[in-house]
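Reading through the structure tokens given below for one structure.
Chain letters run A, B, ... following the sequence lines, proteins first and then strands; every chain starts at 1.
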Amino acid sequence: MAETSTDSAASTTDTLAGTSTPATESSAQDAKLPESKRWADVSDDEKDDLESKIDSLAIEEPKKVNEFLEDPEPSNIQAVTSGDTPYTSAKRFEDLNLSPELLQGLYVEMKFERPSKIQAITLPMILTPPYKHLIAQAHNGSGKTTCFVLGMLSRVDPKLAAPQALCICPTRELAMQNQEVLERMGKYTGISSTLAIPMEDMPIGKIPPVTKQVVIGTPGTINKWFTAKKLGMGAMTILVFDEADHMLAEGGFKQDSERIMKGIVKISPKCQVLLFSATFNDAVKDFATRIVTQISVNEYNQLFVKKEELSLDSLKQYKVYCPDERSKIMVIKDKILEMGQKVGQTIIFVKTRNSASMLHKSLVEYGYEVTTIQGALKQEDRDKIVKEFKEGLTQVLISTDLLARGFDQAQVNLVVNYDLPLKYDTRGEPDYEVYLHRIGRAGRFGRKGAVFNLLCGDRDDMLMTKIENHFNHQVTEVASWESDKDFEDALKKAGLM
DNA sequence: TCAAGAT
């Protein structure tokens, strides 16, 4: 199977293959969506026969559909479209009516060959008029960024010096990363962009109104600029929420996100809204579809993946029982750091800023070189640590959930959960979404990767079991936390040694 | 708790 886009493609190990969705089931689900037609992908046993089959299934008014979302691989992605706009899956970027400059960016600068699966399905939905909103879920490392960056770049008029595309992200790091992708992909288009993240020593009055065409930033600053009339929304054609489930979650960025969304749609009613994430729990999914119908009369498309099929096959997950906290540090020191060095870069996730500092201190005392990132650091330091890690100057990075989402570094093939992610409002409930995002930092674009969950005590054991059940995926136990051989075998089984 | 940000 050909690797598609070298950078952000699902490539060979996409894990979407799964059970088929019978037509009857789809019809039943359709009852809940009276205004929508459901297109369910019917994968069957002929998994090798990729080219000839169109597995899409039109439930209602099949005559209106001549060709449809032909999935290049059998999968269980479910797309629901509203109205009667037919979409054809894009086999090549040429199928998308992109400008020659954009194609040049894709092929020459990004070195992409053809759309990944998620790109093949969503790009026609994003780029075909009438422009409908889109709620799209796709696996970690499958090329979501390319979808919305391409969407933004192709909707901007390069001759108009006004903000026309806005992308909102949960962290500054992700905003910067997305801007870099946009700048590269749009290299030949002449489209300009700016970051809307907090700037030190820059009173709002001193900032001139934005004339850059694409704005990428964090919710607080975007709202601030908007309120101060520094960011005009009159020419906005496309609004993107990266990590949309988090941006819309209760107790998260919900208020800010809603305010921005409603503000823009009020001024630019035709503005297209794209919501992208690897995870959408049921509550957020409901809210997302509700808000999208509330903000405007525009129709919308949606795309979801079953939770059981979200953990990547290219990732091998392990659990390590540790008798106490100290043995966790020993595992990091003697196993992860000693052996992990040989196989690539490592991210160690911890729950709090405090434990990040503690772990950092211990490891440095033992003479290891590690860096640590968390939100309390000065922006300057955060930037430096990310930069060094991305350049490969540092091998091991300790992080809070600051980097759990979206952080894209191909060389990371080891993720360690020093603590398991926990939902804060419920007692003893793991945060399944954060778990999935954390482990998705390894094994990007179908590469091999390993995850080590360090467990200590009954509570961790219970959390791990819940995670296993939730994703219906058994996590392999490393027999002894003290055995070099066990860890070596684990890395070998993960394909890393 | 974490994150962002206004305060």
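Using a 4.0 Å cut-off between a side-chain N of Lys or Arg and a carboxylate O of Asp or Glu, A:Lys328 and A:Glu325 qualify as a salt bridge. Between A:Asp282 and A:Lys307, no side-chain nitrogen of the basic residue sits less than 4.0 Å from a carboxylate oxygen of the acidic one, so the salt-bridge criterion is not met. Electrostatic pairing of A:Glu183 and A:Lys187 does not count as a salt bridge here, judged by no charged N lying under 4.0 Å from a carboxylate O. Using a cut-off of 4.0 Å between Lys/Arg side-chain N and Asp/Glu carboxylate O, A:Lys335 and A:Glu482 are scored as not salt-bridged.
Regarding A:Leu402, its CG atom lies at a distance of 15 Å from the C1' atom of B:dG5, rounded to whole Å. Atom C1' of nucleotide B:dC2 and atom CZ of A:Phe407 are separated by 17 Å, given to the nearest angstrom. The distance from atom CD of A:Glu173 to atom P of B:dC2 is 16 Å, rounded to the nearest whole Å. When the P atom of B:dA3 is taken as reference, atom CG of A:Asn354 falls 12 Å away, rounded to whole Å. Separating the CG atom of A:Leu195 from the C1' atom of B:dA4 is a distance of 15 Å, rounded to the nearest angstrom. Atoms CD1 (A:Ile207) and C1' (B:dG5) sit 13 Å apart, rounded to a whole Å. Atom CG in A:Leu174 sits roughly 13 Å away from atom C1' in B:dA4 (whole-Å rounding). Regarding A:Leu422, its CG atom lies at a distance of 16 Å from the P atom of B:dA3, rounded to whole Å.
When each of B:dG5, B:dC2, B:dA3 is scored by its nearest atom to the side-chain atoms of A:Pro198, the top-ranked nucleotide is B:dG5. Taking the side chain of A:Arg172 as heavy atoms from C-beta on, and the options B:dA4, B:dA6, B:dA3, the nearest nucleotide is B:dA4. Checking B:dA4, B:dA3, B:dG5 against the side-chain heavy atoms of A:Arg382 singles out B:dA4 as nearest. Among the nucleotides B:dA3, B:dC2, B:dG5, the one closest to the side chain of A:Arg353 is B:dA3.
Residue A:Lys224 places none of its side-chain N or O atoms closer than 4.0 Å to OP1 or OP2 of B:dG5. Remark: A:Thr221 is not in phosphate contact with B:dA4, judged by side-chain N or O atoms under 4.0 Å from OP1 or OP2.
Aromatic ring centres of A:Tyr418 and A:Phe349 lie farther apart than the 6.0 Å criterion allows.
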